[in-house]
Structures are given as C-alpha cells and as structure tokens.
Amino acid sequence: MDFSPQLLDSLHAARAIAVLTGAGISAESGVPTFRDAQTGLWAQYDPTELATPQAFQRNPKLVWEWYAWRRELVGKAYPNLGHIALADMERHLTARQSHFTLITQNVDGLHRQAGSQNILELHGNIHRTKCFRENEVVEEWADTGDVPPLCPRCGAYLRPDVVWFNESLPQTEWRAAVEAATSCDLFFCIGTSSLVQPAASLPHYALQAGAVVVEINPNETPLSQNPSPGRLYSLRGKAGDLLPQLVAAVWGLA
Ligand code: BV8
C-alpha cells in the first residue's frame with residue numbers, strides 16, 4: 001500500500017505511540033474473532049451471551065468447556081506478521097527512548113508470544129484461571145473430575161481470568177490505557193469492531209487529546225466515520241499485510 005507522506009512523517013516523528021488491538025489482529029493466526037460465526041459445537045451460541053457471569057452461574061460446565069475449547073484453539077495458534085510487526089515497532093521506539101504502549105482487548109496472549117513487552121490486557125488472559133468466589137488467581141488444582149474444577153482454597157468453581165460482559169475492567173490496566181491514549185502522539189486502532197466499551201472510547205480520547213489516529217481494518221467501523229480531517233487515517237486492509245509494510249516504510253526492514 002502507498003502510505004501518505006504525512007502519515008509516514010507522523011510515525012517517524014512520534015515520541016509516544018499507543019496501540020489498541022482487538023480480535024482482528026489474531027484472525028490471521030486462525031483465532032476466530034467475536035464477529036466470526038463460532039464453529040462446530042459452538043455455532044449455536046452467541047459469544048456475548050456466553051462471556052457473562054450470568055451464563056456461568058446458569059451453566060458453569062458449558063461456559064468452562066467453551067473456554068477450554070478456545071484455550072486449546074489458542075494454544076495451537078502462533079503470532080502472525082501483524083503481532084510481530086508491533087513487537088518490531090516497540091523495539092524501534094524504545095531504542096530511541098520513545099514510549100510504546102500496547103493495549104489489547106484480546107485474551108489469547110499472542111502479543112507477548114510475539115515479543116511485545118509493554119502490554120495492557122484490558123480483558124484478562126484465557127491462560128489464567130481464578131476462583132469465581134475469591135476472584136484470586138489459582139495456578140494449580142486437584143483433578144477431581146469436577147467440571148468446572150474447584151478452588152483448592154474454598155471449594156467454589158474456578159473460572160477463566162477474563163473480563164466478562166457487565167464486569168468491570170481491571171482498574172490499573174484501564175487507567176494506564178487512558179493515560180497512554182491521552183498522552184501519545186499517535187494512536188493505532190487495529191482489528192477491532194470498535195463496539196465494545198469502554199475500550200472503544202480510547203481512540204476518541206486520543207483524537208480529543210490531539211493525537212493522530214490510524215485505524216487498520218479490512219472493514220469500516222464506527223471509528224472510520226470520525227470527522228477529524230488530517231488526524232484520522234483509516235487504512236483498509238489486514239493487520240498482517242499493512243503493519244509490516246508500515247514498519248518497513250518508516251524504520252526500514254527489520
Ligand atoms: C463494562 C473477554 C461496566 C472475554 C471481552 C450498551 C452500550 C454500550 C456499552 C454497553 C451497553 N450495554 C453493556 C455495555 C457494556 C459492555 C459492552 O460494551 N457491550 C457491547 C457488546 C455493546 N461492556 C462491558 O460489559 C465491559 N464492562 O462496561 O463494565 C461496569 C461498571 C460498573 C459495574 C459493572 C460493570 C466489559 C467488556 C469486556 C467483555 N469481554 N473479552 C472473552 O474473550 O471471552 S470483549 C470481546 O469482544 C473480546 O475481548 C474482543 O476483543 C472484544 C471486542 O471485539 P473485537 O476485538 O472488536 O472483535 P470483533 O470480533 O468485534 O471485531 C473484529 C474486527 O477485526 C472486525 O472489525 C474485523 O473487520 C476486523 N478484522 C478481521 N480480520 C482482520 C481484522 N482487522 C485487521 N486485520 C485482520 N486480518
């Protein structure tokens with residue numbers, strides 16, 4: 001893709017870059033996005049119905065097994081060129097004492113696997129498990145055959161350490177994400193339908209604070225329409241294609 005010289009100049013001049021990613025950046029790793037139809041057994045369920053405390057209380061076994069299926073799927077996935085390009089970008093920024101913050105809605109852990117360092121997981125991580133009652137992470141538990149397994153401390157059900165709909169985001173990560181969005185020169189919004197709040201507000205905070213915002217998505221989103229001439233670039237394409245091209249155009253080939 002031919003990028004506008006103004007965009008390349010903004011990237012080159014940026015001393016603080018913040019990035020928000022969504023399920024779309026993991027799509028090229030074979031991880032279905034939330035908008036994709038679920039496959040097989042799970043096709044009959046709506047993820048926004050399953051990813052709730054109410055669904056877990058109604059049917060803990062079903063919800064636990066849905067996450068076990070996703071954890072297995074994610075366990076077989078590898079970071080793609082989009083994840084890797086963001087890790088390269090972070091290295092270029094930190095090499096010149098500039099700031100880089102990666103804020104992700106994803107729970108798959110693929111950014112860390114790709115080598116990204118300064119990561120804020122707004123919605124938790126599917127590879128971590130916690131007690132439904134105590135809300136504390138549990139590393140090991142006895143295999144008693146219970147599904148979901150039981151907390152070794154209090155006997156309550158264990159659950160994935162992810163943020164469900166109608167649950168609050170982790171305050172430390174959320175505050176750091178708002179700080180990054182409102183103090184950066186340039187904000188990337190990559191692979192997200194920009195529908196889930198409060199994460200979807202971050203690019204708007206960046207625009208309001210005077211940053212340049214770059215959206216990368218094969219499809220239009222509510223953000224794409226934002227009327228901020230000269231400060232919002234909406235690049236139609238896949239993260240795995242466009243991000244490596246952008247990094248090479250600004251910082252040379254890795
Ligand atoms: C909260 C973890 C408050 C679990 C997730 C009415 C209006 C507005 C808001 C609300 C409302 N009613 C309720 C709410 C709040 C609700 C919300 O936003 N609902 C939405 C659905 C309307 N939000 C919450 O509940 C949040 N908490 O508000 O708490 C509160 C206050 C006090 C007390 C209690 C509570 C919590 C939200 C977190 C939910 N958890 N994940 C899990 O994963 O199982 S969200 C889940 O959706 C994932 O994290 C996912 O990342 C996220 C958002 O989806 P996207 O990432 O955008 O993925 P999506 O599939 O939608 O889109 C993919 C995009 O990628 C597409 O645009 C596609 O075109 C693009 N793409 C595809 N391929 C590529 C690509 N892009 C680039 N390259 C490609 N190759």
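We number each residue from 1, following the sequence as shown. We count ligands from 1, going down the list as the structure has it; atoms in each ligand are counted the same way. Keep in mind that the numbers below use all heavy atoms, side chains included, and drop hydrogens, waters and symmetry copies. Just so it is clear, the model here is predicted, and its values are computed rather than measured.
- Atom CD of Glu139 has 12 or fewer neighbouring heavy atoms from other residues, nucleotides or ligands inside a 6.0 Å radius.
- For atom 2 (C) of ligand 1, the nearest protein heavy atom lies closer than 4.0 Å.
- In this structure, atom 80 (N) of ligand 1 has protein heavy atoms in its sub-4.0 angstrom surroundings.
- Comparing heavy-atom distances from atom 38 (C) of ligand 1 across Glu121, Arg70, Glu167, His123 singles out His123 as nearest.
- Only one option out of Ile25, Thr21, Asn80, Val31 pairs with Leu110 in a side chain to side chain contact (heavy atoms under 4.5 Å, CB included); it is Val31.
- Both the backbone and the side chain of Ala239 come within contact range of ligand 1, each with a heavy atom under 4.0 Å.
- The nearest protein heavy atom to atom 64 (C) of ligand 1 is closer than 4.0 Å.
- Cys151 pairs with exactly one of Glu134, Lys130, Arg159 by the side chain to side chain contact (heavy atoms under 4.5 Å, CB included) rule, that one being Glu134.
- Residue contact check for ligand 1: Asn217 places a non-hydrogen atom closer than 4.0 Å to it.
- For the residues Pro198, Ala23, Gly24, Gly237, the heavy atom positioned nearest atom 71 (N) of ligand 1 is part of Gly24.
- For the ligand labelled ligand 1, residue Ile25 lies outside the 4.0 Å heavy-atom shell.
- Heavy atoms of Pro218 approach ligand 1 to within less than 4.0 angstrom.
- Contacts with ligand 1 closer than 4.0 Å are made by heavy atoms of both the backbone and the side chain of Gln197.
- Among Ser26, Ser168, Pro53, Cys189, the residue whose heavy atom sits closest to atom 32 (C) of ligand 1 is Ser168.
- Atoms of ligand 1 found under 4.0 Å from any heavy atom of Ala27 (numbered from 1 in listed order, with element): 73 (N).
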